Amino acid sequence: MGKGKGDVKLLGAWPSPYAVRVNIALNLKSVDYEFQTENLATGSKSELLIKSNPVHKKIPVLLHGGKPICESLIIVQYIDEVWSDGPSILPSDPYDRAVARFWAAYVDDKFYTAVKGIVVADGEEAKAAAVKVLKDGLVLLEEAFLKSSAGEGKPFFGGDEIGYLDIALGSLLGWLRVTEKSFNVKLFEEATTPRLVSWVDSFCKHPAVKDELPETDKLFEYAQKVVYPRIKAFAAAAAK
């Protein structure tokens, strides 16, 4: 039976890696919650979403006892603090906590921009350069993984259990797989990121994760029909 501290509702959508983060965090804490789907394909937004996040009007939004919390990583931290009797998501050590937050911010700052760069790349040379940016980022995370407690042979950035950085990066795995399939590239490689290759397998099999990551073929179709055309249209408009 899940735990609850008041009514919990998540405004999200199945293709959103940022909503996936919150799903995983709530699962880790065994919190019962209601999921309200927003339609990203049409761009229509519910009145509840607009009311709950009037500044950005974006998902995810966690409603806890009617009070909204916005931005995925902020929500994950909130969940960790409120449901403190469950497994810890953020490290207890202040330095380790700061390091986890640094790399989570790095993931958010770099990875979407890198994937977008691959989508809009004009020609093979430009695509190869854009792919290199993403691969270089994964190599840096491989190094961070080895310096963390996982470097002691533990499966996750968080050690024996999924932690904050695991959630931040792992939530993007669906879209990274779609990038591999769409552009015929290999992002996680034994030669350059062997520990991350093992980490991907462990993360995806975790009970809090395995039912939350979107199925690759379904997400690929969504990307081709909705996301990639939208990214290309924005890029074309910005270039004018």
Side-chain angles (χ1 to χ4, degrees), residues 2-6 8 10 12 16-31 33 53 56 58-65 67-114 136-173 176 188 193 195-196 198-209 212-213:
K3 294 175 286 187
K5 289 187 178 181
V8 181
L10 173 60
S16 169
Y18 307 110
V20 167
R21 287 176 177 171
V22 183
N23 289 332
I24 293 170
L26 290 168
N27 290 346
L28 281 172
K29 298 288 190 172
S30 300
V31 177
Y33 65 100
N53 189 359
H56 298 299
K58 290 181 178 179
I59 59 169
V61 177
L62 184 74
L63 293 166
H64 184 204
K67 296 179 179 179
I69 305 95
C70 306
E71 300 295 324
S72 63
L73 291 177
I74 293 173
I75 297 171
V76 170
Q77 293 177 59
Y78 176 85
I79 290 168
D80 195 34
E81 293 172 3
V82 171
W83 288 277
S84 56
D85 52 339
S88 294
I89 294 173
L90 279 157
S92 58
D93 179 78
Y95 176 77
D96 291 341
R97 205 157 53 238
V99 169
R101 285 173 171 150
F102 171 86
W103 284 112
Y106 175 84
V107 168
D108 272 4
D109 288 343
K110 301 296 183 183
F111 277 46
Y112 174 73
T113 302
D136 287 349
L138 289 171
V139 169
L140 288 176
L141 284 163
E142 172 86 2
E143 294 170 359
F145 190 94
L146 293 173
K147 290 176 182 177
S148 71
S149 61
E152 302 168 1
K154 296 182 179 180
F156 302 111
F157 285 97
D160 290 318
E161 185 55 90
I162 284 176
Y164 187 68
L165 182 51
D166 296 286
I167 294 172
L169 178 60
S171 62
L172 303 181
L173 285 175
L176 293 177
F188 295 94
T193 56
R195 292 302 303 276
L196 285 184
S198 299
W199 168 82
V200 168
D201 185 61
S202 298
F203 183 82
C204 292
K205 289 179 179 177
H206 193 283
V209 175
E212 301 301 342
L213 292 178

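In this text the structure is predicted, and so the values were computed from the model without any measurement.
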Considering residues at least two apart in sequence or located in another chain, which fulfil the side-chain contact (heavy atoms from CB on, under 4.5 Å) criterion with [X]?
X      : result
Ala100 : Pro91, Tyr164
Tyr112 : Tyr18, Lys116, Ile231
Ser202 : Pro155, Phe156
Ala144 : Trp103

Please report the interatomic distance [atom1]([X]) to [atom2]([Y]), rounded to the nearest 0.5 Å.
X      : Y      : atom1 : atom2 : result
Leu63  : Cys70  : CG    : SG    : 8.5 Å
Ser171 : Leu73  : OG    : CG    : 8.0 Å
Phe203 : Asp166 : CZ    : CG    : 6.5 Å
Leu141 : Leu169 : CG    : CG    : 5.5 Å
Leu62  : Ile69  : CG    : CD1   : 4.5 Å
Ser72  : Gln77  : OG    : CD    : 10.0 Å

Testing the basics here: between [X] and [Y], what is the closest heavy-atom pair and its distance to 0.1 Å?
X      : Y     : value
Glu71  : His56 : OE2-CD2, 3.5 Å
Val22  : Leu10 : CG1-CD1, 3.7 Å
Glu212 : Val20 : O-CG2, 3.7 Å

Would you please name every residue forming a side chain to side chain donor-acceptor pair (under 3.5 Å) with [X], sequence neighbours left out?
X      : value
Glu143 : none
Tyr33  : Asn23
Asp136 : Lys132
Lys67  : none

Partners meeting salt bridge (charged side-chain N to carboxylate O under 4.0 Å, His left out) with Asp201 (sequence neighbours left out): Lys205
Could you check whether any side-chain heavy atom of [X] comes within less than 4.5 Å of a side-chain heavy atom of [Y], counting everything from C-beta outward?
X      : Y      : result
Asp80  : Val76  : no
Leu165 : Val99  : no
Pro68  : Asn53  : no
Val200 : Leu176 : no
Ile167 : Phe157 : no
Thr193 : Trp199 : no

Lys/Arg N to Asp/Glu carboxylate O, Lys29 vs Asp85, below 4.0 Å: no
Contact list for residues 86-97, test side-chain hydrogen bond (donor to acceptor under 3.5 Å, both in side chains), sequence neighbours left out: none
Side chain to side chain contact (heavy atoms under 4.5 Å, CB included) assessment of Leu90 paired with Arg101: CA-CA 9 Å; Leu90 279 157; Arg101 285 173 171 150; 3.8 Å; yes
Full working for side chain to side chain contact (heavy atoms under 4.5 Å, CB included) between Trp83 and Ile89: CA-CA 10 Å; Trp83 288 277; Ile89 294 173; over 6 Å; no
Residues that Tyr78 engages under ring pair (Phe, Tyr, Trp, His ring centres under 6.0 Å), provided they are two or more places apart: His64
Verdict with reasoning, Leu28 to His206, per side chain to side chain contact (heavy atoms under 4.5 Å, CB included): CA-CA 10 Å; Leu28 281 172; His206 193 283; 3.6 Å; yes
